[in-house]
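Shown next, in structure tokens, is the structure this report addresses.
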Amino acid sequence: MPPSVLLLGVSHRCAYDAYPLARIAAVHPVVLVDTAPPAWARPYLAGHIAADPGEEAATAEAVGRYASRHEVGGVLTWTREYLPGAARVAARLASPGIPYETAAACTDPAALQMLLARHKIPPAGREDTDAPLVGAEAVVLDDEVRIAALTRTAPGPPPARQSMRHSVHAHDALLHNPFLRHTVERTVRALGLAHTVVHIGLRLTARGPRVTDVVPHLPGDLIPLLVERATGVDLARAAAALATGGLPDVAPTRQRAAAIQFAYPATTGRLTHLDMDPAAAYEPYAERMVLTRRPGDHVMAAAHADPDDRLAHWVAAGETPTDCADTLRRMAHHLSAAVNPTVRPHAAA
């Protein structure tokens, strides 16, 4: 039987977390470490340890008691604030994990920038906010950093600048850019990363790639789905294999493209209508279209939103980025929404 994987925390966002959890649960028994498993996750779980992953010491003790009675292969999390707890648990179990200092720094943007600066890795600056944003999806093996894919992100309006679209292309020309590859490898080495999947955010400035963020766990926003559809590389299973001491096969088996689009409300207020025409599923190259809010919810306009304000998302997978872009645009016409704007007291006066 494959070794079990401890997963520290899972959100209530089934639309995003179900995909990686299902991929891992198909090959490893998954034991969730959390206060209570959400209903949607229970079919994928082989067990549950009742603990708050944010309480590092208590969680390590609870896991230690569990491991004294059960065989545990390794530990994972894809929740940023639980990275230090996961590093602490991995050290206690003597299983692969990232250094505690790195885990703690990756939860604090200022600390991360200081750590990168210590290794002379230039960060993105405030003059760089309009530079193209790219995420390197890398798999770190024993002594090798493999960039499995690049995710190009289109940001929304300021000041929030939330992601509006992600796209992955197996033939992205930047995969052969030596400056980008060098920056990714230096970042991995500087942070002491090993046996992990990592998402490294980069701004493509006139001075070269500049690091914006380091996420030493599976990326969110269904990026693992896009990578799998475009390249055949399964980041979720690769992460589980690395966490349990295995060596994943990350050789690409597809040469395609995939993309995801997010819908945000145009105004802040109470959502009064949200509907999707089932015909969206029949658009060429359509992968899925999912509503993520309900009428009655209070939502924020895109300029001030966070990911929880997204109304829906839809995914396309095709032969080229143009296929995906055209499909996403057509699918958007199948979504309808209405928001009753919030009336501010001073405006009413």
Side-chain angles (χ1 to χ4, degrees), residues 20 116 121-124 128 131-155 163-191 193-239 241-242 247-261 285 287 315-325 327-328:
L116 292 175
I121 297 174
D128 295 325
L133 183 60
V134 173
E137 317 305 339
V139 178
V140 185
L141 307 177
D142 287 327
D143 55 357
E144 183 181 4
V145 180
R146 297 188 186 179
I147 301 178
L150 294 176
T151 303
R152 293 182 180 258
T153 296
S163 301
M164 301 297 286
R165 178 184 295 186
H166 299 304
S167 59
V168 175
H169 184 209
H171 291 294
D172 195 313
L174 280 174
L175 289 167
H176 307 291
N177 185 301
F179 301 104
L180 184 145
R181 183 171 295 278
H182 182 61
T183 300
V184 170
E185 291 176 347
R186 285 187 62 206
T187 301
V188 167
R189 302 304 180 207
L191 298 182
L193 298 177
H195 299 284
T196 189
V197 168
V198 59
H199 168 97
I200 299 177
L202 302 157
R203 290 280 185 187
L204 304 181
T205 77
R207 307 181 312 283
R210 294 293 186 264
V211 176
T212 64
D213 196 17
V214 179
V215 182
H217 57 68
L218 279 176
D221 283 359
L222 287 177
I223 289 174
L225 171 66
L226 303 185
V227 172
E228 194 277 330
R229 294 295 190 265
T231 71
V233 176
D234 193 327
L235 292 179
R237 292 188 179 180
L242 291 167
L247 192 64
D249 181 3
V250 291
T253 59
R254 293 177 181 163
Q255 302 291 318
R256 306 187 79 222
I260 184 171
Q261 181 83 34
Y285 305 114
E287 172 79 22
V315 177
E319 298 303 318
T320 68
T322 300
D323 291 338
C324 297
T327 298
L328 293 179

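Nothing fancy with the numbering, it's 1 onward along the sequence.
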Evaluate the side-chain proximity of L141 to P248: yes if any heavy-atom separation is below 4.5 Å, no if none is.
yes

Verify side-chain contact (heavy atoms from CB on, under 4.5 Å) between L116 and L191, making sure each step is shown before the conclusion.
CA-CA 8 Å; L116 292 175; L191 298 182; 4.2 Å; yes

Return the minimal non-hydrogen interatomic distance between H166 and T151, and the atom names on each side.
CB-CG2, 3.7 Å

Quick check: closest heavy atoms across A148 and T231, and the distance to 0.1 Å?
O-CG2, 4.0 Å

Are side-chain heavy atoms of V211 and V184 found at a separation under 4.5 Å?
no

What I'd like to find out is whether the side chain of I260 reaches to under 4.5 Å of the side chain of L225, using heavy atoms alone.
no

Less than 4.5 Å apart, any side-chain heavy atom of R146 and any of V233?
no

Using side-chain contact (heavy atoms from CB on, under 4.5 Å), reason through D221 and L226 one step at a time and then give a plain yes or no.
CA-CA 9 Å; D221 283 359; L226 303 185; over 6 Å; no

Does some side-chain heavy atom of P219 sit less than 4.5 Å from a side-chain heavy atom of E137?
yes

Nearest 0.5 Å, what's the CZ-CD1 distance between R189 and I121?
11.5 Å

Closest non-hydrogen atoms of V168 and A230, given as atom of the first, atom of the second and distance, are CG1-CB, 3.8 Å

Out of T187, V145, L193, L218, which one pairs with V198 under the side chain to side chain contact (heavy atoms under 4.5 Å, CB included) rule?
L193

What pair of heavy atoms forms the shortest contact from C324 to A316, and how long is it?
SG-O, 3.8 Å

Non-hydrogen side-chain atoms of S163 and T153 separated by less than 4.5 Å
yes

For the backbone of G201 and the side chain of T212, can you confirm whether one donor and one acceptor N or O come within less than 3.5 Å of each other?
yes

Check R203, R210, R207 against D128 for a side-chain hydrogen bond (donor to acceptor under 3.5 Å, both in side chains) and give me the one that passes.
R207

Any side-chain heavy-atom pair of L242 and V140 under 4.5 Å:
no

Are the side chains of L174 and L204 in contact, using a 4.5 Å heavy-atom criterion?
yes

Rounded distance [0.5 Å steps], CD in Q261 versus CE in M164
6.5 Å

Under 4.0 Å between a side-chain nitrogen and a carboxylate oxygen: does that hold for R256 and D323?
no

With rounding to the nearest 0.5 Å, note down the distance linking OH in Y285 to OG1 in T322.
10.5 Å

Decide yes or no on side-chain contact (heavy atoms from CB on, under 4.5 Å) for I147 and L180, but give the supporting numbers first.
CA-CA 10 Å; I147 301 178; L180 184 145; 4.1 Å; yes

To the nearest 0.5 Å, tell me how far H176 NE2 sits from R181 CZ.
8.5 Å

If you take all heavy atoms of H199 and G135, which pair is closest and at what distance?
CE1-CA, 3.7 Å

